[in-house]
Structures are given as structure tokens and as C-alpha cells.
Amino acid sequence: METFPKIISVDDHTVEPPNVWRDRLPSQYQDTGPRIVRAPVKEMSFVGGKFAPKMGAVGDDGPIADWWVYEDLHRPLTRLDTAVGYARDDIKLEGITYEQMRPGSFSVPDRLADMDVNHVQSALCFPTFPRFCGQTFTEAKDRELGLLGVRAYNDWMVEEWCGPQARGRLIPLGLVPLWDAELAAAEVRRNAARGVRAVCFSEIPPHLGLPSIHTDYWDPFLRACDETGTVIAMHIGSSSKMPSTSADAPPAVGSTITFANCCFSMVDWLMSGKFDRFPDLKIMYAEGQIGWIPYVLERADVVWEENRGWGGVADKVLRPPSELFTEHIYGCFFDDAFGLTNLDAIGAGNVLYETDYPHSDSTWPKSREVGESQMGHLAPDVVERIVRGNAISLLGLTGEGLWGPSAPGPEG
């Protein structure tokens, strides 16, 4: 391509600096709230989709890592959290310290510099320590501390990560307290009032011990998102359960089928009736790729047409699922030549581009080259929509693709 649009990545990640919660929680929570401890790695495995690290005592022998410690949780920073800049064969399952990661993982100025290298204008970033939908706080014992932790993260996200030094190039993505839908709705509205247009959510809430979207439990949260124009962003793994086949399957099995959770989740939403009840609701699937979508829509339409009489959806899913998809759902990809070849069966208006910085799957620093290679058969206006136009519209960015107080609201 002669020119390739500046990328707006809808799935990157931030590694939270050590002081995010130390600086924002009341003093009585300094010893129980999230904090960094440097200690050895005693054991670490990732088998059957389960990550199982064990922290050694300070002073013990063993490889050193920086660990997030929160109540009884010990979670190390790992090379998989921040792998950019390392050769693929050098990316191992190992604990690391902040000094061993690329500074753009946690430093705004360095992140902007790495975005420049990668032809990226703006980026929406998912969390690391809170996990992809804040389930770390949901699993904690102290609900009052958990709510403070969620709010502290959102304040840091808006005021620092996406603050003035980001110059509108970093787009805020909020968390909610998943254990209480009314509190979640209040947090959506609190953040929407300061321009936040996206919120993390779990792809499959029952995997977290929470009600499914087929209940009315989530309605206050969904209503808040619907009324404020807040996009529900679901990242692979946001159910704390990556797809796998057996307890002894190597990580490569799960890595190949990571889209499966998105597939299951999308069918859940299409058959839930929520889009008829909340007509302005929008959802997106981060890092789920798009090549699987056409068949799932075809099958969902057949089931809706032929089996809805006994399928439990006749009275709540009032239109074909493929129509609901077109109006409400966005698939996100970073490397999916097959999906782009079949774009007509998905819809150019339902696809978003991402770079997954700084994870091991990231296309950094060659996201432009990957895009040019895989989108070369598409018309320039279609490429523009996929690479940035759809994101501008969905996330309420300025015409230049930046986030800030001047960005249009839900009606804009």
C-alpha cells in the first residue's frame, strides 16, 4: 500500500507501576492492598490452562521476580506479561522484575515512543495485575477494599495513564466491581461522566462464580452501559479460564484455540435477548480474532429459524442473530489473514485492529507491515475503517482519533 492509516489499537496492555494502589488507598490498607514485593520464584507452571506460581520467602535461593501481593494472593510479573523486544524463542514462562521489562510496558513516555515505532496513533489498554476484567478484586475477601481497589485503578487510568502526558493517545478502559451489579452501574456512570467510553467485563461470568447474562442480574450494569454509550470490552481469558482440552495439555493447545471463549460468549449474547432490551448496547471481543465468526453466525441463524420454538429464545430474540451481530458486536484481530479474506461475511463495520503490545503474541514493531500484507486486497476506505475509523466511532474519539474532553458523547 502507498499509505497505511495510523493505527488505533483496541487491545494493548498496561503493566501497572508499583505505586498505583499504594498512592491511592487509605493508610489502613497499606499492608493488605496491592503492593510489590521482590522475592524468589519457588515454582511456576502453566498447564491445562491454569497458571500456578509459588512465591518463595525473601532471601531464599531461586530466580528473583517482582510479585504483586494482595491479601493472600501472590502473583509474579512474568515474561509473558511483557515480551516485546525479545526473540520468540527467548520468551519463556519465567518471573521478571520491572528492570527486566521494556519500559513502555509501564511508562507513558516510553509507551508513546514505542507506539511511534509501530505506526500506532492511539491505544486502548487492558489491565495486568487486576486481570482482564478486574476479577482479582472480585475474588478478594474484603469487599470494601476491593471496591476501593477498583476505583483506585480507574482513577489512575484516567488521571495518569491517560492523563495530560499521554496527549490523548491512550484511551481509558475502566473496571467495575463485578460482585454487585448496582455498584458496577454506579462505577460505569462515574467514569462515563469523565469521558470513559469502555469497560472491562468477563466473557463467561459463570466461570468466575457469577450469574450468566441470561439472568436479569446484570441489567443495572447493562442499562448504565446502554445509556452512557459505554462499550463492554471482553478480552480472551477474562473468565479466568483459558480454553484447553485436558489437565495435561501444553500451553500451545490453549494458545491455538484462544478464540473459543469468544465464540461461546458471542453465542451467549446473541441468544440472551439483551440486545433487544438494550438497543444501544455495544460489545467487543479483544484478541479473539475474526476468522471463526462467519460460520457461527450462519449456524446461529439456522438455529434461530428452525429451532427457536423449543430453543428457549422465541420470546426474547426477536431478530436473526446475524442482524444483532451487525448492530452490536465487534471482533478484534491482530493477525488473521483468513478472516480478512472473508470480510464480506463478517462486515467491515464490525472489525477492529489491535497490536497486543507488550504480550508475546504482539505484532510490535511490525503491526503496519502485518496490516499491509493482510489487507492489501481491500479498498483504501475499508482499510481506513478497520484500522481506525470503526474505533473512532465506537469509542467516541475525536476526528483525529484522540481521547479527551472534547471527544463526542454517545449522541455524537
Side-chain angles (χ1 to χ4, degrees), residues 49 133 181 201-223 225-226 231-246 253-254 256-333 336 338-352:
C133 66
F201 191 64
S202 175
E203 60 207 349
I204 308 175
H207 286 340
L208 302 179
L210 298 167
S212 81
I213 61 164
H214 299 290
T215 70
D216 60 4
Y217 172 84
W218 296 108
D219 284 5
F221 165 71
L222 300 181
R223 186 173 298 108
C225 293
D226 180 72
V231 180
I232 297 176
M234 292 172 281
H235 195 284
I236 57 167
S238 55
S239 57
S240 295
K241 184 177 180 180
M242 293 297 287
S244 191
T245 56
S246 60
V253 172
T256 302
I257 58 174
T258 51
F259 70 91
N261 279 2
C262 298
C263 174
F264 298 158
S265 175
M266 189 178 83
V267 175
D268 240 3
W269 281 88
L270 289 173
M271 299 300 185
S272 70
K274 298 302 183 185
F275 295 133
D276 288 296
R277 295 189 58 205
F278 303 104
D280 294 322
L281 200 62
K282 308 289 185 184
I283 68 174
M284 56 169 271
Y285 288 103
E287 209 173 320
Q289 312 296 4
I290 59 174
W292 53 272
I293 292 175
Y295 171 72
V296 173
L297 294 179
E298 178 184 284
R299 176 59 184 165
D301 277 358
V302 169
V303 170
W304 181 82
E305 184 67 40
E306 303 293 338
N307 301 335
R308 65 179 182 268
W310 59 265
V313 297
D315 60 343
K316 61 181 181 179
V317 181
L318 307 181
R319 290 183 291 154
S322 60
E323 290 186 16
L324 298 175
F325 172 86
T326 299
E327 294 180 12
H328 299 277
I329 301 178
Y330 295 78
C332 311
F333 77 99
D336 192 341
F338 181 83
L340 289 166
T341 300
N342 294 277
L343 184 63
D344 287 346
I346 303 167
N350 296 85
V351 174
L352 306 166

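Source: prediction; values computed, not measured. The first residue of the sequence shown is numbered 1, and numbering continues consecutively from there.
Judged as a side chain to side chain contact (heavy atoms under 4.5 Å, CB included), and not counting sequence neighbours, the contacts of His214 are Ser212, Asp268, Ser272, Lys316. Judged as a side chain to side chain donor-acceptor pair (under 3.5 Å), and not counting sequence neighbours, the contacts of Ser265 are Tyr285. Listed by chain and residue number, Met271, Arg299, Asn307 satisfy the side chain to side chain contact (heavy atoms under 4.5 Å, CB included) test with Val303 (two or more places apart in sequence, or in another chain). Residues passing the side chain to side chain contact (heavy atoms under 4.5 Å, CB included) test with Asn342, sequence neighbours excluded: Phe338. For Asp219, the salt bridge (charged side-chain N to carboxylate O under 4.0 Å, His left out) partners are Lys274, Arg277, not counting sequence neighbours. Taking the side chain to side chain contact (heavy atoms under 4.5 Å, CB included) definition, one finds that Thr326 meets it with Asn350, sequence neighbours left out. Applying the side chain to side chain donor-acceptor pair (under 3.5 Å) rule to Glu323 yields no partners; only residues at least two apart in sequence or on another chain are considered. Listed by chain and number, the residues in a side chain to side chain donor-acceptor pair (under 3.5 Å) with Arg308 amount to none (sequence neighbours excluded).
Minimum interatomic distance between Asp301 and Ser322 (heavy atoms only, all atoms of both residues): OD2-OG, 2.6 Å. Considering all non-hydrogen atoms of both residues, Ala300 and Pro321 come closest at O-CG, 3.6 Å. Val317 approaches Gly273 most closely through the heavy-atom pair CG2-N, 4.0 Å. Considering every non-hydrogen atom in both Gly237 and Asn261, the closest pair reads N-ND2, 4.4 Å. Of all non-hydrogen atoms in Ser238 and Cys133, the two that sit nearest each other are O-SG, 3.2 Å.
The backbone N or O of Leu281 lies less than 3.5 Å from a partner atom in the side chain of Asp226, making a donor-acceptor pair. Asp336 places no side-chain N or O within 3.5 Å of a backbone atom of Gln289 that could act as its donor or acceptor partner.
Ring geometry for Trp218 against Phe201 counts as perpendicular: the plane angle is over 60°, on a 0 to 90° scale with 30° as the lower cut.
From Asp315, atom CG reaches atom CG of Asp276 across 11.0 Å, with rounding to the nearest 0.5 Å. A distance of 4.0 Å separates CH2 of Trp269 from CD1 of Ile232, quoted to the nearest 0.5 Å. To the nearest 0.5 Å, atom CD1 of residue Ile329 and atom CD1 of residue Ile293 are 8.5 Å apart. Separation of atoms CG (Asp344) and OG1 (Thr341) is listed at 10.5 Å; rounding is to 0.5 Å. Within the model, atoms NE2 of His235 and OG of Ser202 stand 12.5 Å from one another, a figure rounded to the nearest 0.5 Å.
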Thr258 vs Glu287, side chain to side chain contact (heavy atoms under 4.5 Å, CB included): CA-CA, chis, key distance, verdict: CA-CA 8 Å; Thr258 51; Glu287 209 173 320; 6.0 Å; no
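Among Leu270, Ile346, Leu324, the one residue that satisfies the side chain to side chain contact (heavy atoms under 4.5 Å, CB included) test with Leu297 is Leu270.
Screening residues 202-214 for salt bridge (charged side-chain N to carboxylate O under 4.0 Å, His left out) gives no qualifying pairs among residues at least two apart or on separate chains. Annotation: ring-ring contact (aromatic ring centres under 6.0 Å, His included) contacts involving residues 308-332, sequence neighbours excluded, comprise Phe275-His328.
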